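Small disclaimer: the values here were computed from a predicted structure and weren't measured. These numbers come from the heavy atoms of this one structure, side chains and all, not from hydrogens, waters or symmetry mates. Start at 1 and go down the list; that is how both ligands and their atoms are numbered.
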Amino acid sequence: MATPETRFPQHPSDATAATPASDWSVEKAAQHYNVPGWGAGYFSVSDKGHLVVHPHGQPGPTIDIMDVVEDIRERNLGFPCVVRFQDVLRARVKAINEAFGKGLVEQGYGGKYFGVYPVKVNQMREVVEEILDAGAPYHYGLEAGSKGELLIVLGHNTDPEALTVCNGYKDEEFLRLALLGRKLGRKVIVVIEKLSELPHLLRLGDEMGVEPLIGLRSKLTTRGTGKWEGSSGDFAKFGLTVPELIHAVRILKEQKKEHCARLLHFHVGSQLTDIRVVKDAINEGARVYAKLRKMGLPIEYFDVGGGLGVDYVGSHGGNGNGNNAAPGVTIASTVNYTLEEYVGDVVYNLQRVCQNEQVPEPHIVSESGRAVTAHHSCVVMNVFGHIEIGSQEQITAASVADPNESKVVREMREIVTGLTPRNKAEAYHDAVAKKEEALQMFKLGLLGLEERAMVESLFWKLCRDLVALNRGKKRLPRDTRDLGDKIADQYMANFSLFQSAPDHWAFDQLFPIVPLHRMDEPPTRDCTIVDITCDSDGKIDRFIEGEGVDETLSLHALEPGQPYYLGLMLTGAYQDVMGDMHNLFGRVNEIHVFVDDEDPEDFYIEEVIPGDRIEQVLSRMQYGPGDLARRVKNALDQKVKDGAIRPKEGVQLADFFEQVMRGYTYLAGV
Ligand SMILES: *Cc1c(COP(=O)(O)O)cnc(C)c1O
């Protein structure tokens, strides 16, 4: 873990500056962090160099995220803090519904669109309520994948026109809950994921005296790519194979319940990056629909599942500048199509098959979650220090030659001062060997600690000089190509990757990271970011820069005593509800921001939800906070009795222990 002396050293001179200050502008900054690319119109860089939000798109009200940061500070809430822009959430709901509405009209399609939001993507009540409210004009519904989620949905989705789609494996209680929804007059559709659920559902329907609405999930052979490819294909966990679908039709007919079959469902995976997969899936699914229709099932809803992707990189499916980051990583975090294109392809391909097969055009259902929620939230974190390899002070100190210094130090110095653009590789190899020689001498007791430090500092100086020489060059020698990444600063940010961006840790998914301020100054440090968990995996070393991906991110030098804030963007889908308890950091503070035209800053904070207090995370692990306090108090009392601690101090220490227990889990006052 980081040591305290790494805090805020100054950078008097800066060898790593990428762009001369005079060429820098806020427009350059926007390009550099690719804000227009991933921002989807909701984010931009202001003249002041701050990241701003346009919740209704541009033009429209603008929220300066630094004003929100100021508010968080005034409330003493503490960082990290999740900031939700509820208006962005509403805008997404509207965008998806209107894109489908428009697509249907444009293609003269015979059915309507009934979207459902899958609550697993972000189950927060405020998120679900906002989505339902914004979606009310479109009869936007909800999807549940478990009993817990169905309880939420039955409580909130009260529109009799809107769908409730139940996916996932179901036990008797789950099925009974769905039928309870039917009794309330809701359009609750139970999607059969495995064949045995069907007779079970029909039996319970008879018993409860209510007709179920049935969906059939088809296991398509079309597959998504990347992390979610297992969601489809012959060996997928969910869905019915073609023989099973035929068996299902037989069961329905035998029980004279064909009329209950209302929906065909498939889901080929989340974050579909290639539009061709969407087209293939629609074509395959549409044929299945047509055949089932012809077998006598009155299916009226065609549910294309989720998968509408989000362009986290902002490179429109490209792997950007193709530099050293693995292209596959980039590709999985970007998509090669727009919302309009997605809608157009769904509608067009479905309609074509229906016309070809001469079956009615069904209503279209989609279960987009990621595309609805990703943009609306971000995590604001403060950088509280950095770890620098070969700091400027150390290098400066080592640069002064001492006539009495040992031979190995002198020789290292000669290598460093002799560096030219022509001998880069040679100098680097010599320096590596010299450093090794110094280490051997140290182990044999022939070199002092201070001299070893000199050799290392000189080595880091050489690395920095090499990086400066390499900068902007296209073809670089293999050995020194990655030096820049190796000697990058590690900026220590007050957050837990496992809590706030688990998908980055789990499978390298990329999220934009941007300074929230100072973008009017050129960034001068090449950095990686480390979190505050004690886990060496708690770091970010893949970043979006320009339209590509890099192992380092250019950030601003830390100013002593001045906070530096970063935004981890587009975290609204899956991240903040999947976070774990690594190191017992737990849930993050959270605020919900709404646009308010009347307000001088264009916003107000509607809600503040404190993150986990330490006592809460301890209780979850079966520790009684009272018990812990008692144990420590008893130990203190004993010391007081022994005369080792004064009674007053004993009381103060016990109070302090309890006060920490009631506090925020993340770093305070850094
Ligand atoms: C996860 C899931 C979704 C949501 O997918 P997104 O890619 O987030 O839109 C939709 N339907 C089903 C069945 C799912 O499992």
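Taking a cutoff of 4.0 Å between a charged side-chain nitrogen and a carboxylate oxygen, Lys219 and Glu193 do not qualify as a salt bridge.
The side chain to side chain contact (heavy atoms under 4.5 Å, CB included) search around Asp280 returns Thr222, not counting sequence neighbours.
Ring geometry, Phe114 versus His139: the interplanar angle falls from 30° to 60°, so the pair is classed tilted. Taking the six-membered ring where the residue is Trp, Phe511 and Tyr312 present perpendicular rings, their angle passing 60° and hence far from 30°.
Of all protein heavy atoms, the one closest to atom 2 (C) of ligand 1 is Lys120 NZ, 2.3 Å. For atom 11 (N) of ligand 1, the closest non-hydrogen atom on the protein side is Glu367 OE1, 2.5 Å. Closest to atom 8 (O) of ligand 1 among all protein heavy atoms lies Tyr574 OH, 2.6 Å. The protein heavy atom nearest to atom 7 (O) of ligand 1 is Ser270 OG, 2.5 Å.
Using a 4.0 Å cut-off to heavy atoms of Arg370, the atoms of ligand 1 that qualify are 6 (P), 8 (O), 9 (O). Those atoms of ligand 1 with a heavy atom of Ser368 less than 4.0 angstrom away are 9 (O). Near Gly369, the atoms of ligand 1 lying under 4.0 angstrom from a non-hydrogen atom of the residue are 6 (P), 8 (O), 9 (O). Close approach of ligand 1 to Gly307 (heavy-atom distance below 4.0 Å) involves ligand atoms 5 (O), 6 (P), 7 (O), 9 (O). Atoms of ligand 1 lying under 4.0 Å from any heavy atom of Asn167, numbered from 1 in the order shown and given with element: 13 (C). Ligand 1 places these atoms under 4.0 Å from at least one heavy atom of Gln271: 7 (O).
Among residue pairs with one or both ends in residues 295-305, those qualifying as salt bridge (Lys or Arg N to Asp or Glu O under 4.0 Å) are Arg262-Glu300; sequence neighbours excluded.
With 3.5 Å as the limit, one finds no donor-acceptor pair spanning the side chains of His504 and Gln575. No hydrogens or angles considered: a donor-acceptor pair under 3.5 Å links the side chains of Thr164 and Asn157.
Using 4.0 Å as the threshold, Pro118 has a heavy atom nearer than that to some atom of ligand 1. Distances from ligand 1 to the non-hydrogen atoms of Phe238 include no value under 4.0 Å.
Each of Leu142, Val127, Thr158 was compared with Leu132 under the side chain to side chain contact (heavy atoms under 4.5 Å, CB included) criterion, and only Leu142 meets it.
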